[in-house]
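Below: one structure, written as structure tokens.
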Amino acid sequence: MKGAADSIEAEWRRRQIVVPPGVAIAMYRAMFAHMREFPLVSGTFYNISTERVLPLVQRLESELPGGHTNPSFSKTLESRLLEMMKTSRSQEQ
């Protein structure tokens, strides 16, 4: 998972999408937690848009003292991403 997260963040940087280190791993953890709770139906997939993730990251950075260097940044981000996914899922139904 770490290797995949590093690859995603490298691709984001290549596309000039600036995120703090560790955002992709928090996103993956939230996705896997969501998949455990709400398994995919065959032939479907999860889609998380960076257009939704980036504002969430920026908001969290401004809320926490020290921004992304705050020790609770990753866990808080993971929790908020998971909540975002659950909210999206309930709106789709």
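- A pairwise comparison of heavy atoms in Ala5 and Ala24 identifies O-CB, 3.5 Å as the closest pair.
- Side-chain atoms of Ser79 never come within 3.5 Å of backbone atoms of Lys75 as a donor-acceptor pair (strictly under, hydrogens ignored).
- Considering every non-hydrogen atom in both Thr69 and Gly66, the closest pair reads OG1-O, 2.5 Å.
- In terms of modelled atom types and a separation under 3.5 Å, the side chain of Glu9 and the main chain of Gly22 share a donor-acceptor contact.
- Connection of Leu56 to Ile17 is established within a shared hydrophobic cluster, with ILVMFWY side chains joined at heavy-atom distances below 4.5 Å, either directly or through further cluster members.
- In plain terms, the two heavy atoms of Ala26 and Glu78 that are nearest each other are O-CG, 3.8 Å.
- By the 30° and 60° cut-offs, the orientation of the rings of Phe32 relative to Tyr28 is parallel.
- The distance from the CG atom of Asn70 to the CD atom of Glu63 is 11.0 Å, given to the nearest 0.5 Å.
- No side-chain heavy atom of Glu11 sits under 4.5 Å from any side-chain heavy atom of Ser7.
- Val18 is not connected to Leu60 by any chain of hydrophobic side-chain contacts under 4.5 Å among Ile, Leu, Val, Met, Phe, Trp and Tyr, and they are in different clusters.
- Grouping the Ile, Leu, Val, Met, Phe, Trp and Tyr side chains by contacts below 4.5 angstrom, directly or via other members, places Val53 with Phe73.
- In terms of hydrophobic clustering, with Ile, Leu, Val, Met, Phe, Trp and Tyr side chains grouped at heavy-atom distances under 4.5 Å, Ile25 and Leu77 are assigned to a common cluster.
- Atom-to-atom distance recorded for Arg80:CZ and Arg59:CZ is 7.5 Å, nearest 0.5 angstrom.
- Between Met85 and Ala30 the shortest heavy-atom distance is CE-CB, 3.3 Å.
- Hydrophobic clustering of Ile, Leu, Val, Met, Phe, Trp and Tyr side chains at less than 4.5 Å, counting indirect connections, unites Met31 with Met1.
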